[in-house]
Amino acid sequence: MNRSSVPFGIDPPTALMGSISSAMSPKVVNPLLRLLAQLGMLDDDRVPSIVSWFRDSAAGLPEPMLGQLTTWFELMLSGSTTAPRVKARLHRWIRRKVSDALPALRAWADQGKESLASVTRADVLAVLPAGGTPRVAMLQGLRHILRPLKNQRITFTDPTARIFCGMPTTTIPLPVEVDDLRSLLHDQEVPRAALAIFHALTSRQLRRLKTTDLRDGRLFLPNRTVLLADPVRTRLAAYLDYRNHRWPRTANPHLFVSQTTGCGEDPVSHVWINDVLGMPTSRLREDRLLHEAEATGGDPRRICDLFGLSVGAALRYTATVDQAGLVEYNLRNPGPPPKARDDDTR
């Protein structure tokens, strides 16, 4: 790179990048790396963290099996544009599938199997758990590994074909203590809690909200329009004043901005959404859906219309209306008495 090609008349970033320590905070390094990438001055030779994680996790497997698993890992990591084409997967997806399948792979290695090509349908059935979520997770992990290997002609058959995995273990949504909800709503400058408590927004929806989605006291989501409650409007107005004062020149279009994303255009992370709340956003969402199911007498159509859920997801909440545990909880945590209507006083 010659000096004339470098903007602003600065030196090439070789010395600058050489001085960046791996121990530096990502809050400092990542904005600098994004800037250098936009200027075309970045030659990123860092090894992704998932590569070292995969090497450590797969250590100890027999060499043929390890080679086949490594081929699958590289295929999922980079994808393939030649037939049979494969789409590159997210790192967290790869990590989950490998973690789900590793207990079965190690069990086969202990039995003396050195290659995935020697695994049969009976071997798969022998290592699968009896049922529930562990069975579903392991079978899905093995299926997503063995099927691409067969398509790539590394193995001859897919032993997971036509094996019924069953259904995941069903869970019962639980309400949140009233005192915890009040403490979250006490902070007027945290509208994340209000949006999750009143309108059951997910963490993903909160991260992707943009300032242009708020208009005329309404929140315009991709699949529905939400009429904001008065407490939510108050907290959003206070937050927007704080946002404009803290980042007056930010180009970030997202509603929620942090110290890390204020100088860019990326959304905030799931961790940032949940850290102030002290609990996952899903807990607040479940509490709101449970309250709506009780208030409507278990009407799934109402929940589908208000929160954009499918019928199957809505039935998960309406099925809890008459459960003894929730009835006892409501008796211990009574809400304010309903206001008398004008008709009742006549």
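Computation of the quantities below employed the complete heavy-atom set of this structure, encompassing side-chain atoms and omitting hydrogens, waters and symmetry-equivalent molecules. These figures come from a predicted structure and were not determined experimentally.
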Linking I/L/V/M/F/W/Y whenever any side-chain heavy atoms sit under 4.5 Å apart, do [X] and [Y] land together?
X	Y	result
Val47	Phe73	yes
Val51	Trp53	yes
Leu146	Leu125	yes

Please report the interatomic distance [atom1]([X]) to [atom2]([Y]), rounded to the nearest 0.5 Å.
X	Y	atom1	atom2	answer
Asp216	Thr225	CG	OG1	11.0 Å
Ile303	Tyr317	CD1	OH	8.5 Å
Leu284	Ser203	CG	OG	11.0 Å
Thr296	His291	OG1	NE2	10.0 Å
Leu77	Ile94	CG	CD1	5.0 Å
Thr318	Glu294	OG1	CD	13.0 Å

Item to complete: Compute both the distance and the angle, then confirm whether Arg215 meets the cation-pi test with Phe220: under 6.0 Å from the six-membered ring centre, within 45 degrees of the axis.
Response: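 Verdict for Phe220: a cation-pi partner in Arg215.
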Heavy-atom side-chain proximity of [X] to [Y] below 4.5 angstrom:
X	Y	value
Arg208	Pro267	no
Leu75	Ser80	yes
Glu177	Asp180	yes
Asn274	Met279	no
Pro103	Val127	no
Leu149	Ile145	yes
Phe54	Leu69	yes
Val232	Leu219	no

Discussion item. Just checking Asp275: does its CG atom have more than 12 heavy atoms from other residues, nucleotides or ligands closer to it than 6.0 angstrom?
Written reply: yes
If you take all heavy atoms of [X] and [Y], which pair is closest and at what distance?
X	Y	answer
Ala314	Leu309	N-CD2, 4.1 Å
Arg243	Pro253	NH2-C, 4.4 Å
Leu240	Leu255	CD2-CD1, 3.6 Å
Arg95	Ser49	NH2-OG, 4.5 Å
Phe307	Leu289	CD1-CD2, 3.3 Å
Gly298	Pro300	O-CD, 3.1 Å

Fill in: NZ/NE/NH1/NH2 to OD/OE distance under 4.0 Å, Arg301 and Asp305
yes
Side-chain donor or acceptor of [X] paired with backbone N/O of [Y] under 3.5 Å:
X	Y	value
Thr157	Pro159	no
Thr234	Asp230	yes
Arg285	Ala196	no
His199	Ala229	yes
Asp100	Gln140	no
Thr250	Trp247	no
Asp287	Ile197	no
Thr261	Val257	no
Arg288	Phe198	yes
Arg218	Val226	no

Item to complete: May I have the step-by-step check of side-chain hydrogen bond (donor to acceptor under 3.5 Å, both in side chains) for Thr171 and Arg316, ending in yes or no?
Response: CA-CA 9 Å; Thr171 58; Arg316 176 172 177 260; 2.9 Å; yes
Item to complete: Run the numbers on Thr155 and Gln68 for side-chain hydrogen bond (donor to acceptor under 3.5 Å, both in side chains), then give the verdict.
Response: CA-CA 9 Å; Thr155 58; Gln68 294 164 347; over 6 Å; no
Practice prompt. For this output row, return yes or no: ring centroids of His144 and Trp72 closer than 6.0 angstrom.
Written response: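 Centroid separation for His144 and Trp72: 6.0 Å or greater.
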Worksheet item: Of Arg121, Lys150, Arg147, which is the lone residue that meets salt bridge (Lys or Arg N to Asp or Glu O under 4.0 Å) with Asp158?
Response: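 So the option named by the test is Arg147.
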